[in-house]
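Please read the structure below before turning to the comments.
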Amino acid sequence: MNFVAGMLLVFMPPEPAFFMLDFVVTSLMPFTFHDELVGCFADADTLTVLAERELPALSRHCAAIELHFSMFATQWFMCLFVLSLPSETAFRVWDRVLCHGPAAIFETALRALRLAEKKVMAMDDAFDALVALNEVTANLYDADSLFQVKLKQPIDNAHVRLLRAKFRADRLKE
């Protein structure tokens, strides 16, 4: 949360930054910063389901090499891509998230995965695949190239809300 707060403070005075952080934490990323990170893991589970639909071969490969989506999605989501994308691209992602809601977070993640798909598929173990994925995202200086990646199906906020609620409930039962 400190990275998100820090980046907000770059662009606005403290009081508006506080209220924007409150909006991000309560509306865009509910339960993400909960004591047990319930929302964070629910979001990783949500991304997993969406990736199975959008990128079935990559999803199967990640499962085969035991690269769990939570291994990278946790950082992506908790920091809203600030630590994984170049700052110019991350800020463009923020624009989309603030305009279109949580679905834009998952669209961004799926687009990044599609861009990294060939490199990740070429790796035989989770660590190497994670390194390859991080290299791709760290070099996404052209935000337009990220946003031009086509998805098979659009992702809407209602569907994201349903998936998040389901996985959050599952996590709370554990």
Side-chain angles (χ1 to χ4, degrees), residues 1-51 54 68-116 130-131 133-151 154-169 171-172:
M1 181 179 347
N2 59 331
F3 292 103
V4 175
M7 296 316 291
L8 290 170
L9 287 168
V10 167
F11 294 104
M12 58 186 72
E15 187 174 352
F18 170 79
F19 288 108
M20 182 62 76
L21 181 62
D22 179 62
F23 172 75
V24 168
V25 170
T26 58
S27 299
L28 296 177
M29 308 297 292
F31 298 96
T32 296
F33 301 100
H34 184 271
D35 290 344
E36 297 173 12
L37 301 177
V38 173
C40 191
F41 290 114
D43 283 353
D45 294 340
T46 298
L47 179 61
T48 301
V49 167
L50 295 171
E54 188 69 34
H68 305 280
F69 281 44
S70 62
M71 295 169 77
F72 54 86
T74 302
Q75 182 189 60
W76 287 3
F77 296 156
M78 289 187 82
C79 297
L80 284 176
F81 299 97
V82 167
L83 295 179
S84 51
L85 295 172
S87 58
E88 302 86 1
T89 305
F91 296 142
R92 292 274 308 276
V93 168
W94 282 28
D95 288 343
R96 293 178 74 95
V97 170
L98 292 172
C99 287
H100 302 291
I105 297 168
F106 294 96
E107 288 175 349
T108 299
L110 290 170
R111 287 183 170 113
L113 287 168
R114 180 161 322 272
L115 289 172
L130 193 55
V131 169
L133 178 59
N134 288 336
E135 286 175 359
V136 170
T137 57
N139 289 300
L140 280 172
Y141 290 98
D142 180 11
D144 291 333
S145 68
L146 175 64
F147 299 134
Q148 290 170 357
V149 172
K150 300 289 183 209
L151 298 177
I155 298 169
D156 63 83
N157 286 311
H159 186 60
V160 166
R161 248 187 324 275
L162 288 172
L163 288 172
R164 281 175 147 180
K166 175 200 179 310
F167 290 121
R168 192 168 41 245
R171 291 284 177 168
L172 288 170

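Keep in mind it's a predicted model, so treat the numbers as computed, not measured. Just so you know, these numbers use all the heavy atoms, side chains as well, and skip hydrogens, waters and symmetry mates.
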Take Leu146 and Thr108 through the test side-chain contact (heavy atoms from CB on, under 4.5 Å) and record every step on the way to the result. CA-CA 8 Å; Leu146 175 64; Thr108 299; 4.0 Å; yes
Does the gap between the ring centers of Phe77 and Phe106 come in under 6.0 Å? yes
Nearest 0.5 Å please: distance from the CZ atom of Phe91 over to the CG atom of Leu85. 11.0 Å
Do you know which two heavy atoms are closest between Thr74 and Cys40, and how far apart they sit? CG2-SG, 3.4 Å
First locate atom CG of Leu21, then atom OG1 of Thr26, and finally report the distance between them rounded to the nearest 0.5 Å. 9.0 Å
How close do Ala143 and Arg92 get, heavy atom to heavy atom, and via which atoms? CB-NH1, 3.6 Å
Minimum heavy-atom separation for Ala109 and Phe81, please, with both atom names. N-CZ, 4.0 Å
For Ile155 against Ala103, the heavy-atom pair lying closest together: O-CB, 3.5 Å
Give the intermediate values and the outcome of side-chain contact (heavy atoms from CB on, under 4.5 Å) for residues Ile105 and Val93. CA-CA 8 Å; Ile105 297 168; Val93 168; over 6 Å; no
May I ask you to say whether Glu107 pairs ionically with Arg111, meaning some side-chain N is under 4.0 Å from a carboxylate O? yes
Nearest heavy-atom neighbours spanning Pro86 and Ala138: CG-O, 3.4 Å
The side chain to side chain contact (heavy atoms under 4.5 Å, CB included) partner of Thr46 among Thr48, Val49, Leu50 is Leu50
Is the backbone of Leu140 close enough, under 3.5 Å, to the side chain of Thr89 for a donor and an acceptor to pair up by distance? yes
Heavy atoms, side chains only, cut-off 4.5 Å: are Leu113 and Phe69 in contact? yes
State whether the side chain of Trp76 and the backbone N or O of Ser84 hold a donor-acceptor pair below 3.5 Å, judged by distance alone. no
What I want to find out is whether Asp45 reaches Arg168 closely enough, with some N-O distance under 4.0 Å, to be called a salt bridge. no
How far does CG of Leu80 sit from CG of Leu98, to the nearest 0.5 angstrom? 8.5 Å
Taking Asp43 as the fixed residue, which of Arg164, Arg161, Lys166 is the one that meets the salt bridge (Lys or Arg N to Asp or Glu O under 4.0 Å) rule? Arg164
Could you go step by step and tell me if Leu110 and Arg114 meet the side-chain contact (heavy atoms from CB on, under 4.5 Å) rule? CA-CA 6 Å; Leu110 290 170; Arg114 180 161 322 272; over 6 Å; no
